[in-house]
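Here the structure is laid out as structure tokens; the discussion comes afterwards.
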Amino acid sequence: MDILHRMKATLLAFNETLCALILNSKVISYLKFTCKKNLWLSRQCKMVALIVISTSFSLLVKAQVKNEQILDSLLDKSSEWLDVQIDSAESIALEAVSLAEKLDDHNKRLLAIERLGQVELRRGNFSACQSYIDEIFDACAQRECDPIVLALGHNTLGGFYYRTGDMLQAGEQFMSAVDFYNASGDSLKAVSMKLNVATVLLNTGGKEKAFDLLVNIVGDDISTPEIKARAYNNMGLIKSSQSKLSEAIAFFEKAIALSDDQPLLMTQLQLNLAIAYEESERYNEALKSYEKLEDFYSASGDVRLLNKVKIGIANCYAALGQGSQALKYLAEAEETIVDKETQILDYIDVLEVKHQVYAKMGDFSKAYTTIDDYYRLLIHNQHKGSRERFMELQTQYETEQKEMENEQLKIKNELQNDVIASQRNLLLTVAFGLLLFIVLSVYIYRQSKIKDKLNKELSERNHKIELLHRELRHRVNNNLAFISSLMQIQSRRLKNTEAIEALYESESRVRAMSLLHRKLQLDADDSTDISLKDYLKEVVSHLEQSFPFDRQPPEIILTSDEVMIDAESAIRIGLIVNELVTNAFKHAFTEQSDGLIKIKVDDLKGEKILLSYRDNGSGLPADFEIDKSDSMGVKLIQSLANLLNAKPKFMSDQGTVFELEISPTPVY
């Protein structure tokens with residue numbers, strides 16, 4: 001029994017790892033052998049074997065659990081270090097791959113490989129990144145994987161395509177990641193992944209689709225405040241790019257309300273909001289937002305963004321007529337520029353705003369001096385960039401030259417040590433070089449031929465499209481002219497006055513559209529923008545010539561700024577003028593012979609167009625209300641105004657007055 005106690009004590013004193021590895025094999029085998037040789041010890045052997053097996057099994061379970069915890073920790077740490085220290089992230093991920101292979105954990109091994117793919121993606125090694133992701137998909141094709149693994153793989157591959165500019169593939173991969181996250185039950189990650197899809201849509205021109213997707217993200221009950229805030233921020237940026245600043249501001253404000261516990265996101269949102277306020281000329285509100293950011297960036301030490309904020313504040317003060325305050329902030333921004341040689345672009349920005357401030361203050365001498373410094377530094381920076389590039393190329397050339405000299409010296413030494421081996425290597429190198437040169441020459445020649453063929457096909461296709469556009473305009477113009485002629489012929493055969501008038505009004509509208517298509521057909525540059533002034537002159541001239549008068553016709557005076565506008569908006573404005581003048585011809589001058597119509601188009605600082613109409617006729621009925629009028633002409637004017645994103649105004653002032661403010665970007 002003493003022997004048994006000593007064996008038990010010895011076994012319990014072993015290291016956990018040794019017990020787990022040794023007791024299950026060698027010790028237990030030895031005990032079985034001893035029990036067989038010494039039958040009188042069989043009872044005691046059973047007891048010792050039970051102790052050994054129980055202890056080793058417990059230690060194995062503990063070791064297994066501990067290793068799994070270590071593996072989970074390694075996977076978490078590798079993700080955390082991706083944005084901090086890329087080399088450390090790679091080392092941790094490699095360790096996780098090794099441990100997962102020892103534990104035969106298929107899914108966690110693939111998760112660790114996905115981390116390696118992320119490492120290479122951030123380094124810009126796209127081929128290595130794709131190799132890791134291909135390994136994941138190949139492994140999942142042979143053996144079932146956790147949906148999370150596939151979701152992460154598609155996400156990384158989407159990032160790869162996004163970085164390489166293939167937006168179509170990037171969008172498909174991100175959508176696949178959304179599907180696999182949903183399959184795994186991680187709906188929150190799926191919603192977050194949709195933000196990536198929206199970003200791809202923005203980069204491919206699909207702003208409307210991106211906006212709809214962001215609306216769905218915001219409306220999803222599972223979305224966190226941070227996800228909603230980022231979605232609102234993107235929605236605000238979309239509206240800003242469309243010059244819909246009031247809507248953009250509303251979205252930025254919603255995002256800010258959800259970002260109290262996200263200081264970095266909050267500052268980004270405040271900056272976007274301040275810029276939107278400034279662009280919409282809400283300078284006092286912009287100042288409040290900029291001042292909040294000023295304290296933050298002063299504390300963080302981010303000089304670049306602090307300068308941007310101070311310049312924004314200076315712009316606002318200048319717009320509010322507070323030139324001295326604007327100059328104060330510009331001076332503070334200039335003080336933060338320690339080295340004007342290395343921070344020359346920041347200094348150029350300061351000089352540009354300073355010039356504008358001096359000009360608004362009327363100090364043209366300083367304004368001239370400032371703009372002179374601005375252009376001098378701008379030119380200097382361009383020359384400096386050229387010089388730096390030249391020096392960089394010269395250094396690169398010298399380095400390569402030195403490397404070539406070292407390589408030549410190395411080859412020379414090798415030739416001296418082993419002439420025969422060097423000759424053989426030289427021959428192999430020359431042969432390989434010639435073969436490579438031939439292959440590259442053939443490849444470049446074929447690529448050149450393919451490129452020439454594609455360019456020729458593209459040129460021919462563009463020419464065909466251009467001819468089709470011209471033919472379409474010609475046919476539309478001819479068809480409209482034909483319809484107009486049919487209406488004129490039909491009107492001559494009618495006897496009913498109301499029918500003749502209705503037919504004339506319709507013919508007049510068709511002629512207004514025909515005039516615009518004729519102008520587009522005659523334009524040599526195939527532009528879709530036309531001169532609104534010239535077009536309205538033709539519309540008015542046609543009305544004067546075609547309307548039947550039995551008395552002195554009214555005089556029409558048309559004045560207009562030079563405004564270039566798209567064809568769709570022009571035809572809507574032309575139809576409105578057509579309706580106003582036709583109605584005046586019919587009803588306004590029944591009791592007078594000195595009729596006068598004034599039509600005016602004003603360009604309001606390039607932001608809006610003001611269409612004004614005035615006549616000295618009988619004016620509007622006393623009970624006239626535009627929304628209750630059953631006149632077809634009035635309803636048509638309302639519909640056309642809505643298409644132009646404008647609201648018509650009718651007034652009576654010694655005749656009829658009509659005004660319409662038109663945005664440069666109509667709503668279709």
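Contact annotation: the side chain of V215 approaches that of M235 to within less than 4.5 Å [non-hydrogen atoms, C-beta and beyond]. Taking 4.5 Å as the limit, every side-chain heavy atom of T156 sits out of range of all side-chain heavy atoms of F160. Taking the side chain as every heavy atom from C-beta outward, Q322 and K328 never approach each other to under 4.5 Å. Contact check for R230 versus I227: no side-chain heavy atoms found under the 4.5 Å cut-off. In this structure the side chain of I599 never reaches within 4.5 angstrom of the side chain of L580, judged on heavy atoms. Looking only at side-chain heavy atoms (C-beta outward), T656 and N583 stay at 4.5 Å or farther from each other. A 4.5 Å side-chain heavy-atom check between F252 and L237 finds at least one atom pair inside the cut-off. By the 4.5 Å heavy-atom criterion applied to side chains, Y613 and I576 are not counted as neighbours.
At least one donor-acceptor pair under 3.5 Å links the side chain of S241 to the backbone N or O of I238. Checking side-chain atoms of D561 against main-chain N and O of D603 turns up a donor-acceptor pair under 3.5 Å. At least one donor-acceptor pair under 3.5 Å links the side chain of S223 to the backbone N or O of I217.
In this structure, a donor-acceptor pair under 3.5 Å is present between the side chains of Y290 and E278.
Counting all heavy atoms, side chain and backbone alike, D615 lies closest to A584 at OD2-CB, 4.0 Å. When all heavy atoms are compared, the tightest approach of V218 to A231 is CG2-CB, 3.7 Å. Here the closest heavy-atom approach between residue I148 and residue S184 is recorded as CD1-OG, 3.3 Å. The two residues A198 and L213 come nearest to each other via the heavy atoms N-CD2, 3.6 Å. For the residue pair E562 and S531, the shortest heavy atom distance occurs at OE1-OG, 3.8 Å. Minimum interatomic distance between L558 and K533 (heavy atoms only, all atoms of both residues): CD2-O, 4.2 Å.
K635 contributes atom NZ, which lies 8.5 Å from atom OG of S639 (distance to the nearest 0.5 angstrom). A distance of 8.0 Å separates CG in L660 from CG in L610, rounded to the nearest 0.5 Å. Atom CD1 of I573 sits about 6.5 Å away from atom CG of L611, to the nearest 0.5 Å. For the atom pair CG of L157 and CD of E114, the computed distance is 11.0 Å after rounding to the nearest 0.5 Å. For the atom pair CD (Q270) and OG1 (T267), the distance works out to 8.5 Å, reported to the nearest 0.5 Å. Distance CG/L152 to CE/M193: 7.5 Å, rounded to 0.5 Å.
Taking the six-membered ring where the residue is Trp, F624 and F650 present perpendicular rings, their angle passing 60° and hence far from 30°. The aromatic rings of Y232 and F251 lie parallel to each other, with less than 30° between the two planes, well short of the 60° mark.
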Salt bridge (charged side-chain N to carboxylate O under 4.0 Å, His left out) assessment of R123 paired with D87: CA-CA 10 Å; R123 285 174 172 167; D87 292 336; 2.7 Å; yes
Intermediate values then yes/no, side-chain contact (heavy atoms from CB on, under 4.5 Å), E120 and E90: CA-CA 9 Å; E120 298 301 339; E90 182 183 31; 3.8 Å; yes
Derivation and outcome, salt bridge (charged side-chain N to carboxylate O under 4.0 Å, His left out), residues E285 and K288: CA-CA 5 Å; E285 293 167 285; K288 292 179 182 178; over 6 Å; no
D653 and R614: CA distance, side-chain angles, deciding distance, salt bridge (charged side-chain N to carboxylate O under 4.0 Å, His left out) verdict: CA-CA 9 Å; D653 183 12; R614 176 183 291 272; 3.5 Å; yes
Stepwise side-chain contact (heavy atoms from CB on, under 4.5 Å) check, L536 with S560: CA-CA 9 Å; L536 291 181; S560 173; 5.6 Å; no
I662 vs R572, side-chain contact (heavy atoms from CB on, under 4.5 Å): CA-CA, chis, key distance, verdict: CA-CA 11 Å; I662 304 161; R572 290 164 185 166; over 6 Å; no
Derivation of the side-chain contact (heavy atoms from CB on, under 4.5 Å) call for L269 and S259: CA-CA 9 Å; L269 293 169; S259 305; 3.3 Å; yes
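Ion pairing between K649 and E659 fails under the 4.0 Å rule for side-chain N and carboxylate O.
Each of L214, L201, V200 was compared with K209 under the side-chain contact (heavy atoms from CB on, under 4.5 Å) criterion, and only L201 meets it. With V178 as reference, K194 is the one residue of Q173, H154, K189, K194 to meet the side-chain contact (heavy atoms from CB on, under 4.5 Å) rule.
A cation-pi contact links K239 to F211, judged by a cut-off of 6.0 Å to the six-membered ring centre and 45° from its axis.
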